[in-house]
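Working notes for the structure below.
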Amino acid sequence: MPTVREDVQYDPSNAEDILRFAKELKGKTLGEWIIDHENDRPPVNRKGRFGQILEDVVFGIPNNSKKAPDLEDVGIEIKSTPIKIEGKKKVPKERIVLSMINYMTLLEEGWDMSFFKKNGKLLIIFYLYEKRKRISEYKILDAILWEYPEEDLRIIRDDWNVIARMVKEGRAHEISERHTMYLAACRKGISNDKDSQRQPYSDEKALRRAFSLKQSYVGQIWKSADSESIVRCANMNKTFEEEVLDRFTPYVGRSTDEIEAMLGITFEKNPKSRYAILANKMLGVKTKNIAEFEKADVYMKTIRLKADGVPKESMSFPSFDYTEIVRQKWEDSDFYNQLNRRFLFVIYRADGDGLRFENAMFWSMPQEDLQEAERVWKKAVQSFKESRFTERPKMTESKVSHVRPHGQSGKDRVMANDGSMQKKMCFWLNAKYLAEQIKTCGQRKI
DNA sequence: GCATGATCATGC
DNA sequence: GCATGATCATGC
């Protein structure tokens, strides 16, 4: 029996071609395939039905539960997973369920055979789940070929070991999803005795379980589908930071007009985000979601210097929630988390009427300044606790940071910890402090 | 010229 | 509709 039907429009032995075919599904619905099958395949909304139809009708792979991946030649397993709309965001609706766990054979099969061989490479089709629609109407959002990044694989392998160890210790019946990080043993089927499984080192029956990728991890995969990778095609001998800074090199010293001309962009108006947009363009990416930036928690900020090298403005951070902040400790506060990461400063300097791109640099806050920020934060929190909302730390009181309004207008108010309505505020890094940091950091040279 | 308050533009 | 990054405006 052939692995795939003969009329499929892709080459099942060529991963690239499979991905091409899958990408072409974007924007389509299963309805486009199953019209002719309406009678024998009523599109009832039933768990897993979307995946079955997709594999069968679109990819031409008959339903099976064999050990080998769906596309055996290239070792690719096809998975479809629903995305739902939550507020304004699209997020995964479920975990992705992988192969069943067979407690009796798990240990002898080992990591490779029991897990990696079938689940190591996934072709993931994301579709938009909409409550009132039939599955033939769900729109396919995206398709990606997923291979686990090295650092994720380490964690997943640890997760697998946790599960295997419990089987080895005769505790398969105690396995739970909360024991693992990315990979989980999720329950499968109904929880009655009839459905329970034997395990090798105990007489106790264990629930049927399958390997699955946790919903939060699916969220990471989904996000990465949506972002771009800088190092994907980069020179492997360079570090990530070197690669990033190199992208900016051709523009160093050029005026923003020149850069815009080089990049072929024009601004009709003069949006406040102009230089941030320009920074993204110089990096050579279309979106803001640069995969490595997200993973490494790098925070890109544009800075405009006056001719004398001092930033024109202080640097703002997201506004805080009074009710939250008074309950938080410094170590788990938002401001601490915002500061305690790597920054990428994209720096422009005033030159005549316009601006010149000076350079880009990575920066992290020195420890002693982080302590100073902590002092400012604690002072602000103390004032809020005592309902002294106007006595917030001013720029003159600390060399590092201060608190200032940050709303959409002066009328932009939020509920404070004492129930009163107060102006929306945020922490800022002082312009002068930034000037000093840029100077010392700049001497280390990019 | 600087500190502080206020607001704009974008995108989710 | 609002959070966010960024910048503008004003008064001392």
Side-chain angles (χ1 to χ4, degrees), chain A residues 83-92 128 141 219 222-223 225-228 256 265-281 283 285-290 293-294 297-325 334-335 337-339 341 343-350 353-355 357 360 376 380 383 389-415 421-436:
Chain A
I83 295 295
K84 65 175 177 180
I85 294 185
E86 198 173 86
K88 301 249 165 354
K89 281 189 174 161
K90 293 199 185 89
V91 297
L128 185 65
L141 295 175
W222 167 240
K223 239 171 143 186
D226 203 40
S227 59
E228 294 173 63
T256 52
I265 43 175
T266 47
F267 291 95
E268 308 255 316
K269 290 181 194 162
N270 194 8
K272 287 187 174 179
S273 52
R274 177 176 184 170
Y275 304 112
I277 293 168
L278 210 55
N280 276 313
K281 298 277 186 194
L283 257 184
V285 295
K286 287 183 244 74
T287 68
K288 278 176 68 183
N289 307 330
I290 302 154
F293 279 21
E294 289 201 2
D297 218 12
V298 172
Y299 205 2
M300 184 159 79
K301 290 278 203 179
T302 46
I303 296 177
R304 282 182 320 164
L305 303 178
K306 295 179 291 183
D308 65 0
V310 177
K312 200 151 174 275
E313 306 288 344
S314 295
M315 182 178 284
S316 67
F317 287 83
S319 63
F320 51 72
D321 180 332
Y322 291 96
T323 60
E324 285 286 327
I325 202 172
D334 295 330
F335 192 38
N337 282 314
Q338 283 149 9
L339 295 180
R341 53 181 159 179
F343 284 76
L344 173 60
F345 290 158
V346 179
I347 302 166
Y348 303 88
R349 192 177 189 130
D353 288 340
L355 288 174
F357 172 57
V376 173
S383 303
F389 295 103
T390 50
E391 288 178 41
R392 52 180 190 269
K394 295 188 189 311
M395 203 188 303
T396 43
E397 292 171 34
S398 166
K399 73 169 187 118
V400 173
S401 169
H402 64 283
V403 175
R404 234 162 81 196
H406 187 201
Q408 289 184 303
S409 80
K411 290 183 283 267
D412 201 351
R413 277 159 194 268
V414 286
M415 175 84 72
M421 298 304 283
Q422 298 296 335
K423 268 183 198 156
K424 223 178 255 177
M425 302 261 178
C426 78
F427 288 91
W428 299 69
L429 289 183
N430 300 354
K432 273 186 187 155
Y433 170 69
L434 292 169
E436 175 201 308

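Chain letters run A, B, ... following the sequence lines, proteins first and then strands; every chain starts at 1. In this text the structure is predicted, and so the values were computed from the model without any measurement.
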Distance from [X] atom [atom1] to [Y] atom [atom2], nearest 0.5 Å?
X	Y	atom1	atom2	answer
A/M421	A/Y322	CE	OH	10.5 Å
A/L429	A/L339	CG	CG	5.5 Å
A/K424	A/K411	NZ	NZ	13.5 Å
A/M425	A/H406	CE	NE2	12.0 Å

So, does A/Y348 use its side chain to make a donor-acceptor pair with the main chain of A/Y275 at under 3.5 Å?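 Present.
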
A/S383 side-chain N/O to A/F389 backbone N/O, donor-acceptor pair under 3.5 Å: no

[X] [atom1] to [N] [atom2]: how many Å, rounded?
X	N	atom1	atom2	result
A/Q338	C/dA3	CD	C1'	12 Å
A/F320	C/dT4	CZ	C1'	15 Å
A/H402	B/dA3	NE2	C1'	8 Å
A/F427	B/dT4	CZ	C1'	16 Å
A/I277	B/dA9	CD1	P	12 Å

Under 3.5 Å, N/O pairs linking protein and nucleotides 10-12 of chain C:
none

Over all strands shown, is A/Y299 touching base, sugar-phosphate only, or nothing at heavy-atom distances under 4.0 angstrom?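 Contact class for A/Y299: sugar-phosphate only.
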
Looking for any heavy atom pair under 4.0 Å, which part of the strands does A/S314 touch: base, sugar-phosphate only, or nothing? base

Taking distance alone, no hydrogens or angles, what donor-acceptor pairs closer than 3.5 Å link side-chain atoms of residues 302-317 of chain A to residues at least two apart or in another chain?
{"residue": "A/D308", "atom": "OD1", "partner": "A/V310", "partner atom": "N", "Å": "3.0"}
{"residue": "A/S314", "atom": "OG", "partner": "A/A431", "partner atom": "N", "Å": "3.1"}

When the nearest nucleotide of DNA chain C is assigned to A/V414 and to A/R304 on a heavy-atom basis, which residue is associated with the more 5' position?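 Its nearest nucleotide being more 5', the pick is A/V414.
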
Is the A/F320 to A/F335 ring centre distance short of 6.0 Å?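 Aromatic pair excluded; centres sit 6.0 Å or further apart.
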
Detail all sub-3.5 Å separations between protein N/O atoms and N/O atoms belonging to nucleotides 5-8 of chain B.
{"residue": "B/dG5", "atom": "OP1", "partner": "A/R392", "partner atom": "NH2", "Å": "2.8"}
{"residue": "B/dG5", "atom": "OP2", "partner": "A/R392", "partner atom": "NH2", "Å": "2.0"}
{"residue": "B/dG5", "atom": "N7", "partner": "A/R404", "partner atom": "NE", "Å": "3.2"}
{"residue": "B/dG5", "atom": "O6", "partner": "A/R404", "partner atom": "NH2", "Å": "2.8"}
{"residue": "B/dA6", "atom": "OP2", "partner": "A/K423", "partner atom": "NZ", "Å": "2.6"}
{"residue": "B/dT7", "atom": "OP2", "partner": "A/G410", "partner atom": "N", "Å": "2.5"}
{"residue": "B/dT7", "atom": "O2", "partner": "A/K272", "partner atom": "NZ", "Å": "2.9"}
{"residue": "B/dT7", "atom": "O4", "partner": "A/G407", "partner atom": "O", "Å": "3.1"}
{"residue": "B/dC8", "atom": "O4'", "partner": "A/K272", "partner atom": "NZ", "Å": "3.1"}

Would you say B/dA3 has OP1 or OP2 under 4.0 Å from some side-chain N or O of A/K432? yes

Starting from the C-alpha separation in whole Å, work towards a yes-or-no answer on side-chain contact (heavy atoms from CB on, under 4.5 Å) for A/K432 and A/M395. CA-CA 10 Å; A/K432 273 186 187 155; A/M395 203 188 303; over 6 Å; no

